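Ligands are counted one by one from 1 in listed order, and the atoms in each one are counted from 1 as well. Bear in mind the structure is a predicted one, so any value in this text is a computation, not a measurement.
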Amino acid sequence: MKNRDLQATWAYHNGTKHSYESIRANRHYLDWDNQPIPFKIYSALEPIPLPQQLSSPRMTALEAIATAAAAKTDEDVPTLQSLAEMLYLSAGITRRRPYPGGEILFRAAACTGALYHIDLYLVCGDLPDLPAGVYHFGPHDFALRRLRAGDYRNVLSQASGREPAIANAPVIIVCASTYWRNAWKYQSRAYRHCYWDNGTILANLLAAAAPRRTPARIVIGFIDDAVSRLLSLDVNREGALSLVALGHAPSQRNEPAPAVEPLAFETEPLSKSEVDYPAIPAMHEASSLESEAEVVSWRHEVPAIVPFGAASSSSSSKSRLIPLDPLGDEEIPRDTIEAVIQRRGSTRQFTRESISFKELSTLLDRGTRGIPTDFLQLDEAPLNDLYLIVHAVDDLSPGSYVFHRESRALELLKEGDFRREAGYLGLGQEIPADCSVDVFFLADLDRILARFGNRGYRAAQLEASVVAGKLYLAAYAQRLGASGLTFFDDDVTDFFSPHASGKSVMFLLALGKSARRAARVS
Ligand SMILES: Cc1cc2nc3c(=O)[nH]c(=O)nc-3n(C[C@H](O)[C@H](O)[C@H](O)COP(=O)(O)O)c2cc1C
């Protein structure tokens, strides 16, 4: 089984690390004349316009973010209206900004380089107002395009090893990347970005599903080949990353699907030419699952004997634990998730002002209440540990910390002003030095790969980015700012060691007060 040849992950991960030296030695430049378009456009397929009006069930953003999964009712079949809203809030165009020579169409979820390489597909049975089929979602004209007519859900059910949420879902969303759209700028490191940028979309999708009372579950255990064939992906250029089961319709029988014939629909060229980065499809292939039996046993792998999580990796002194002090349900800001997603945008400049300990606590508390996935139970310790560099939080000493999820507390690792160090760790950018707090997600890849094989790499990257996506939203819900960042891998681990020794960095998020917002207010 390819998935068990763990050298593949280490070769990819180590080969795409950033270091001071690797950045200086890299001769890559941005070929603006060859920049790919940020959309997959099926030129010859008729658009099926989606309803444009956005309703709001009026759930507060912080409640929506904290909802691990909507409670299942007997039958929950989303309408086209609610599907359109969930697609808009996760991958739709929310802002347009002109720039010399064009316009940037910003999306609901943050994305590395605003390059938007993730597409969403819908696989559904007959819905009240949409016939069964396989559809592609086009954010550029907010429309679906039908790739296949008929009920193909059984293909995904089988590919997922009859994962119960998928098997009972009236609608399944499949997320897939077209690598070149991101690799144009980030080269081979773009495979990490597949999961980073999928995770922020999924955080939004989960938060959009909660107020609509639509059960949602992320599934990453599936036969890759079967999913790629269903969507007719070009596996050298594209990869299916995740499935999301939406709704619950056990009464709909699992009909055998029609045969999955090859498709030959034209898509618009992305750019004049494309450059291959073979490490990307190679890593995807190495972490692929090949049969239903393999998927089932992958999912039911015996949980690690030693639980994952920060608490397990140190002999922390109880006296150094600082309990979170989050806002209660009555005190949280009342802005709805729809309002927060629509005003979200990554902070380009932070003010260096303090945020309150309550704001930080609320963020961490609401963002880390678990995500519904097929690779971890909600009550299992997550794959990533959260390490913080605190620059400016009222009533909290500046320094480095690790978050204890179980006890909802921060442990001080080292006191000090680390703005300069944080700026360096975040690739020498100003954002990580000027924000109030940097949150690093670190994972013990040895243990994760031992349990999940190479696919554990996908799981660790995705888990980090879904939680980071939730923190992004929790910041904006409190009128704070946030930005994802990239980093010098080994230097981050060294900075948090010995506590973090042996762990690998999966994600970095800066949080604080946005300079632009402050200017607007004053
Ligand atoms: C995982 C991740 C990493 C990012 N890294 C950086 C970074 O290193 N520097 C930066 O200025 N912005 C970074 N960003 C912010 C993106 O540039 C931003 O999300 C994108 O331009 C889209 O804008 P928006 O988030 O305002 O919608 C990152 C975003 C994500 C999701």
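- Residues in residues 423-436 take part in these salt bridge (charged side-chain N to carboxylate O under 4.0 Å, His left out) pairs, two or more places apart or across chains: Arg352-Asp434.
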Margin query: If you apply the rule ring pair (Phe, Tyr, Trp, His ring centres under 6.0 Å), what do you find for Phe440 with Tyr387, and how did you get there?
Written below: CA-CA 5 Å; Phe440 296 82; Tyr387 287 83; 8.6 Å; no
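- Close approach to Thr486 involves these atoms of ligand 1, each under 4.0 Å from a residue heavy atom: 5 (N), 8 (O).
- Listed by number with element, the atoms of ligand 1 under 4.0 angstrom from any heavy atom of Gly345 are 26 (O).
- Taking a cutoff of 4.0 Å between a charged side-chain nitrogen and a carboxylate oxygen, Lys40 and Glu238 qualify as a salt bridge.
- Rounding to the nearest 0.5 angstrom, the gap separating the CD atom in Glu359 from the CG atom in Leu480 is 4.5 Å.
- Residue-level proximity to ligand 1 for Ile431 is carried by the side chain, the only part with a heavy atom below 4.0 angstrom.
- Counting only non-hydrogen atoms, the option in Leu115, Thr347, Leu485, Leu509 that gets closest to atom 3 (C) of ligand 1 is Leu485.
- Counting only non-hydrogen atoms, the option in Arg95, Arg344, Arg348 that gets closest to atom 11 (O) of ligand 1 is Arg348.
- Geometric assessment of Arg107 against the ring of Tyr116 yields a positive cation-pi assignment under the 6.0 Å and 45° thresholds.
- Scanning the protein heavy atoms around atom 26 (O) of ligand 1, the nearest turns out to be Ser346 N, 2.6 Å.
- When only non-hydrogen protein atoms are considered, atom 2 (C) of ligand 1 lies nearest to Thr112 CG2, 3.5 Å.
- Under the side-chain contact (heavy atoms from CB on, under 4.5 Å) criterion, Ala109 pairs with Thr200, Ile201, Asn204, sequence neighbours left out.
- Counting only heavy atoms of the protein, atom 28 (C) of ligand 1 lies nearest to Gly484 O, 3.2 Å.
- Not a single donor-acceptor pair under 3.5 Å links the side chain of Glu103 to the backbone N or O of Arg97.
- Note: His136 and Tyr42 have perpendicular aromatic rings, judged against thresholds of 30 and 60 degrees for the angle between ring planes.
- Using modelled atom types and a 3.5 Å distance limit, the side chains of Tyr472 and Ser346 yield a donor-acceptor pair.
- Using a 4.0 Å cut-off to heavy atoms of Ala110, the atoms of ligand 1 that qualify are 19 (O), 25 (O), 31 (C).
- His13 has its ring centre less than 6.0 Å from the ring centre of Tyr457.
- Shortest contact from atom 21 (O) of ligand 1 to any protein heavy atom: Ala114 CB, 3.6 Å.
- The distance criterion of under 3.5 Å between nitrogen or oxygen atoms is not met by Asp197 with respect to ligand 1.
- A perpendicular orientation is assigned to the rings of Tyr191 and Tyr179, their planes being inclined by more than 60° (bins at 30° and 60°).
- Residue Trp196 has at least one heavy-atom neighbour below 4.0 Å for each of these atoms of ligand 1: 1 (C).
- Among protein heavy atoms, the minimum distance from atom 22 (C) of ligand 1 is reached at Tyr116 OH, 3.5 Å.
- Residue Thr200 places no N or O, backbone or side chain, under 3.5 Å from any N or O of ligand 1.
- The protein atom (non-hydrogen) at minimum distance from atom 20 (C) of ligand 1 is Cys111 O, 3.2 Å.
- Interface atoms of ligand 1 facing Phe507, defined by a heavy-atom separation under 4.0 Å, are 1 (C).
- Atom 8 (O) of ligand 1 has Gln429 NE2, 2.9 Å as its closest protein atom, hydrogens excluded (heavy atom only).
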